[in-house]
Each structure stands twice: as structure tokens, then as C-alpha cells.
Number of protein chains: 2
Amino acid sequence: MTRYYKEYDHHLVALDCIIFGFDEGELKLLLLKRKFEPAQGEWSLMGGFLGKSESLDEAASRILNQLTGLTNIYMKQLFAFGDIERDPGARTISIAYYALIKIDENDRKLAETHGAEWISISKLPGLIFDHSIMVEKALEALRRRTSREPIGFELLPVKFTLPQLQSLYESICGEQLDKRNFRKQILETGLLVKLDEKDKESSKKGAFLYKFDHKKYNSYVEKGFLFQLKVKSGQIIKENNGILLDKSA
Amino acid sequence: MTRYYKEYDHHLVALDCIIFGFDEGELKLLLLKRKFEPAQGEWSLMGGFLGKSESLDEAASRILNQLTGLTNIYMKQLFAFGDIERDPGARTISIAYYALIKIDENDRKLAETHGAEWISISKLPGLIFDHSIMVEKALEALRRRTSREPIGFELLPVKFTLPQLQSLYESICGEQLDKRNFRKQILETGLLVKLDEKDKESSKKGAFLYKFDHKKYNSYVEKGFLFQLKVKSGQIIKENNGILLDKSA
DNA sequence: ACTTTAAGTGTAAGATATACACTTGTAAAA
DNA sequence: TTTTACAAGTGTATATCTTACACTTAAAGT
């Protein structure tokens, strides 16, 4: 490769992964205790450094794979963090990615060997550096994206029940949803396939299992159709479909 | 600063700015003809390299300032581009920012000395490297953000008319809007202050000038109120307030 | 005085979101 | 075997929001 730009500074580029999972009705993050200095022993996100011959997406996937053994995971770039003092170890640019995974016993064991743990969003410990800010930002991004794309299914088993799905959406948006309205809305999309099987884990009656119709969804996306769910972030106090509601004035 | 991580690769980190303006009823980008190799003479975004002692935001602001002389500009990080071959000059990570500026004669002259030109979104030339992808992504981000935040005002003079504002929103979302509905919606926010002055540039009758009430907006933001305008991206064929509209099935 | 041009204004109908309570199926306990 | 307990599953009416739509007004130029 030809070489221009020789005179400019070069930088360490890190990747940090915010790994979301859903388990026991709670949204969780896969966190680990850092095994090297600086900040050894403290809670952090899984991270690593960018190599010369890998793209950002490739590096992020590699790092996720090291921790979970998983490939082909839903992963999106979140944001680049570049404050000078963000990492006391050295001036490092960190590009954060978030991943959505289906928590599973196998992955769980592999993660454990790295000293990683699934921790509920509502019980997060303090994290090193700017990792808590990354998590906050990832949650906002997850909420926003959930309302535009059917990504919830990335966090559930292939077969899931409607009560599970509703509980997931409730965890993401931090708000109770009406069962009838939720079911009506989600079934109207035509993107769920009802199976002839029930899951009896959580009730005597049992709830029918469904699966997400990825093929149909992709064909809709190509046609320009749009998935849209009203998912409010926990921050919103009062909202209107118009612009801004000003009942007080 | 202590030094850990010594053994990892270091990378060139660039910043590229997608600079939006609004003029003559059109959304425009400030582009320039590249003055150095590789790809000398081709159209590109304004860019530069990250220095050792500046944050990403600082570097992006510096680069914008070099071209326009402006400071305190609305600027947001867009995305980090890191494909290995994206810049034939060297392996470079580029972090793209987009900026919204009020086009003004002074800036226009400074920009010209750099060989920069304001070019309408609808007449963009091919750009070097992945810059066209950056622009496409920036437009999507602008559309999305416009529907959640009142950022249109960053592109207009401090005093503006409602027809101007409507025309801006139409340019951003690529769609005609109904005059009465638009005015109703935007005035209901209570965020516009009507002035006792008219602008007679574009009609004999003249249109009243307004200004945006930043102070009131900030107080709303603190209270958690939300600005929301229905701005559709040009890509969306058919949309519904529910989830996905499936009238065809 | 007449013409031209864009600014400015209100309402009714249709679509969408929301609120709400009882029945069903099954397992476990009595 | 009957009863109890528990979550799954189902429909409608009202309120709210979005949309479509046409005439009047002000001022400059002829």
C-alpha cells in the first residue's frame, strides 16, 4: 500500500462491547472483572484492540467471539469515545459496539471461564473508565432502535411466547404495556408465526410458542415497509404525537 | 502518563465533516476539491487527522473551523468508518461528524479560499473513498434527529419566516407538507416567538419573522418534554403509527 | 383601480391509540 | 373427583390525533 500521511499521529484504537441478553424477565449485560492493569479487578465491558488487518466490525465480532464463542450475532456500532484522559493506561480511542444475544447454557459456561457474569440492568455496578456512559448510551440506542426495527427477537430463543416477548419489550422501554393492545399490535404485523406447541414453564395453561418470520420481514424491508412500535424511553415524562405538548402554558 | 498496551497496533485516525447548510430553498453540503494525493482534484468532504492532545469533538471542531472560521457550531458524531481499504493512502479510521450551519456571506468567502463550494443535495458529484456513504448516512441521521429535536433552526438565520422553515423541513424530509397543518403543529409547541417584523424577500405581502426560543426549549428538555415532528425519510413507502402496515396481505 | 403573488387562517372526517374485564385451560391441592 | 389457583387469551367503545381541503388578506407593480 502506498504511504501518504506519514507525518500524522497514530493512535491506539480499542473496541468495547455492550452485550445485552434477556433472562428471567430481565434485561442483562455481560460484564467481566478486568484481568490486567490498569484497573485490574474492576468491572468492565469486554474489549480489545484493533489490529492492522481487520475492519472495525471484524474486530468487534472477534472480541465478542472470544468471550462468548458466538458468531453471526446482531451487532451495531454505537459511538466512538475519544476523550484524551478516558483510559489512564494510554491515549486510546474506543469504538463501542452493542450486541444482542440469546443467553444459552453453553455460552454461559464459556463466559464464566473468562470471569464474566450476566448482570441485570437494574443492578449494574460502577464500571471502569467511561464504560458506564457507554452502557447508558447503548440503552438509549437499544430503545430507539427497538421502536424502528424488530430486534427484540435477537434476545429471545427462536421459539418464544407472547408473554415473554411482552416482558422483553417492557424491560427495554421500562414501562408496563397493556396485554391486549400489545398482542394486537404485534400480531397485526403478520411477522409472527404461531406454532402448534406450548410452553408450560410459566403457567399451568401454557402459552403458545411463536417464531419470527425473518424471511417475510426481509421482503418487507426491501419493499420499504416499516416496523414501528411505540417504545418510550424511561426519560420521557409526557409526549404527544404532534410536536411538543404544552398543556401547562 | 503511564504506558500499558505497548504491544498493540497504532492507527491513523481521521475526522471527516459533513457540513449541511440551507440556501435558496435547498439543502446543501460544503464540499471541496482535494488538494493533495491520493485522489487530488476530486470532490471530498473536509477532513483532517486526529492529534495526540485533542479529543474527537475538539478535532472535528478544529477542522470545521479551518474551513469556515466558525466556532460553537451544532455538530454531532455520525459514525466511525474503518474498512481496511477505505483510504488508499493508508489504513485510516475515519470518524465522521455532521455539522449544521447558517450559510452567511463571510463564511462563504473563507470557504472559497479553500476551494470549497456549497452544492445542493440533489446535485451531488461522486465523492472520494467512502465519503458518499458518509453523506448518505448523515442525511438519514439528520432526518431521524429532525423528528426528535428542533435542529432545523441551526440551519436558518436567527430570524426566519414560517414559509422558510416549512421549506427547510420539506428539503430535509424530501416531501411536501401541508401549510396549515405545518403551521399549526409548529406553533403549538410554543417554541417560536413572533416578531413585529416582516420579511418581504419572497412576497409582496411579506411574511412575519419568528425566532426560536432556545431558553424555553432548554427548560422543556430539562423537564423531560419531547419535541416530535413527523418527518419521513424519502425511503419510506408506506408507514403506519402502529407497527407495520400490511394492507396487502 | 386592477392584477398578481404569496401569506395567512379553521373545520370536519377518518384513522389510530387507549382503556378496560371476563373466560379458558391446566396442574396441583384438597 | 372436585375445587382452587394461575396465567393465557380475547373484543369493543371512546378519545385523541392526523389528514385533507379552499378562501381571504396584504401589498407591490402595472
Side-chain angles (χ1 to χ4, degrees), chain A residues 24-25 147 156 159-170 173 175-189 192-210 225-232 236 238-247, chain B residues 24-25 147 156 159-170 173 175-189 192-210 225-232 236 238-247:
Chain A
E24 298 166 332
S147 68
L156 291 175
K159 297 176 184 181
F160 54 86
T161 67
L162 292 187
Q164 275 170 5
L165 184 63
Q166 180 176 348
S167 156
L168 170 60
Y169 272 93
E170 287 173 343
C173 70
E175 184 181 39
Q176 295 296 108
L177 301 172
D178 179 89
K179 185 165 49 162
R180 280 174 289 191
N181 294 339
F182 177 80
R183 295 169 79 98
K184 197 193 312 171
Q185 224 190 350
I186 207 88
L187 289 173
E188 263 173 12
T189 62
L192 296 194
V193 181
K194 188 176 185 174
L195 305 175
D196 270 337
E197 258 177 286
K198 279 189 167 185
D199 172 288
K200 298 206 171 170
E201 292 283 301
S202 67
S203 85
K204 290 157 186 168
K205 184 179 180 181
F208 278 103
L209 288 163
Y210 288 78
F225 281 93
L226 201 84
F227 180 92
Q228 203 164 337
L229 249 192
K230 286 256 161 105
V231 175
K232 292 164 190 163
I236 298 170
K238 187 127 188 70
E239 187 186 348
N240 194 343
N241 279 346
I243 305 183
L244 173 69
L245 194 66
D246 185 12
K247 290 266 154 88
Chain B
E24 299 167 331
S147 69
L156 290 176
K159 298 176 181 181
F160 54 86
T161 67
L162 293 187
Q164 276 170 5
L165 184 63
Q166 180 176 348
S167 156
L168 170 61
Y169 272 93
E170 287 173 342
C173 71
E175 184 181 39
Q176 295 295 108
L177 300 172
D178 179 271
K179 186 166 48 163
R180 280 174 288 191
N181 294 338
F182 178 79
R183 294 170 78 99
K184 197 193 315 168
Q185 224 190 350
I186 207 87
L187 289 172
E188 263 174 12
T189 62
L192 295 194
V193 181
K194 188 176 184 175
L195 304 175
D196 270 338
E197 259 177 283
K198 280 190 166 184
D199 173 288
K200 299 207 171 168
E201 293 282 302
S202 66
S203 85
K204 291 157 186 170
K205 184 179 178 181
F208 277 102
L209 288 164
Y210 288 78
F225 280 92
L226 202 83
F227 179 93
Q228 203 164 337
L229 249 193
K230 287 257 162 103
V231 175
K232 292 164 189 162
I236 297 170
K238 189 127 187 70
E239 188 185 346
N240 194 343
N241 279 344
I243 306 183
L244 174 69
L245 193 65
D246 186 13
K247 291 267 155 88

**Q** Tell me, please, which residues at least two apart from A:Q166 pass side-chain hydrogen bond (donor to acceptor under 3.5 Å, both in side chains).
**A**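 Listed in chain order: A:E170.
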
**Q** Could you tell me which residues satisfy side-chain hydrogen bond (donor to acceptor under 3.5 Å, both in side chains) with A:Q176, sequence neighbours excluded, listed by chain and number?
**A**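 For A:Q176, no residue satisfies side-chain hydrogen bond (donor to acceptor under 3.5 Å, both in side chains) once neighbours in sequence are set aside.
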
**Q** Could you state the atom-to-atom distance from CZ of A:F182 to C1' of D:dG11 in whole Å?
**A**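 Rounded to the whole Å, the gap is 18 Å.
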
**Q** Starting from P on C:dT5, measure out to NZ on B:K200 and report it in whole angstrom.
**A**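 Taking NZ of B:K200 and P of C:dT5, I get 18 Å after rounding.
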
**Q** Calculate the interatomic distance between B:L165 atom CG and C:dA7 atom C1'; express it in whole Å.
**A**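 After rounding, the gap between these two atoms is 15 Å.
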
**Q** Can a donor-acceptor pair be found, under 3.5 Å and without considering hydrogens, that links the side chain of A:Q164 to the backbone of A:T161?
**A**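 Yes: the side chain of A:Q164 pairs with the backbone of A:T161.
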
**Q** Pick from B:L195, B:L165, B:D199, B:L168: which one makes a side chain to side chain contact (heavy atoms under 4.5 Å, CB included) with B:F160?
**A**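 Between B:F160 and the candidates, side chain to side chain contact (heavy atoms under 4.5 Å, CB included) is satisfied uniquely by B:L165.
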
**Q** Measure CG/B:D178 against P/C:dG8 and give the value in whole Å, please.
**A**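 The distance from CG of B:D178 to P of C:dG8 comes to 15 Å, rounded to the nearest Å.
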
**Q** Classify the side chain of A:N181 and the base of C:dA17 as holding, or not holding, a donor-acceptor pair under 3.5 Å.
**A**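 Looking at the base of C:dA17, it does not pair with any donor or acceptor on the side chain of A:N181 (distance under 3.5 Å).
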
**Q** Using 0.5 Å steps for rounding, measure from the OG1 atom of B:T189 to the CZ atom of B:F225.
**A**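 Going from the OG1 atom of B:T189 to the CZ atom of B:F225 covers 12.0 Å.
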
**Q** Would you sort out whether A:K198 and A:K205 count as a side-chain contact (heavy atoms from CB on, under 4.5 Å), showing the intermediate values?
**A** CA-CA 9 Å; A:K198 279 189 167 185; A:K205 184 179 180 181; 4.3 Å; yes

**Q** How would you summarise protein contacts on nucleotides 2-10 of chain D per nucleotide, using B for base, S for sugar-phosphate only and - for none, with heavy-atom distances below 4.0 Å?
**A** ---B-BBBB

**Q** Between C:dT18 atom P and A:Q176 atom CD, what is the distance in whole Å?
**A**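 The distance from CD of A:Q176 to P of C:dT18 comes to 15 Å, rounded to the nearest Å.
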
**Q** Is a donor-acceptor pair below 3.5 Å formed from side chain A:K184 to base D:dT12, judging by atom type as modelled?
**A**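 By the distance-only test, yes, there is a pair.
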
**Q** Using whole Å, report how far CD1 of B:I186 lies from P of C:dG8.
**A**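 B:I186 atom CD1 is separated from C:dG8 atom P by 14 Å.
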
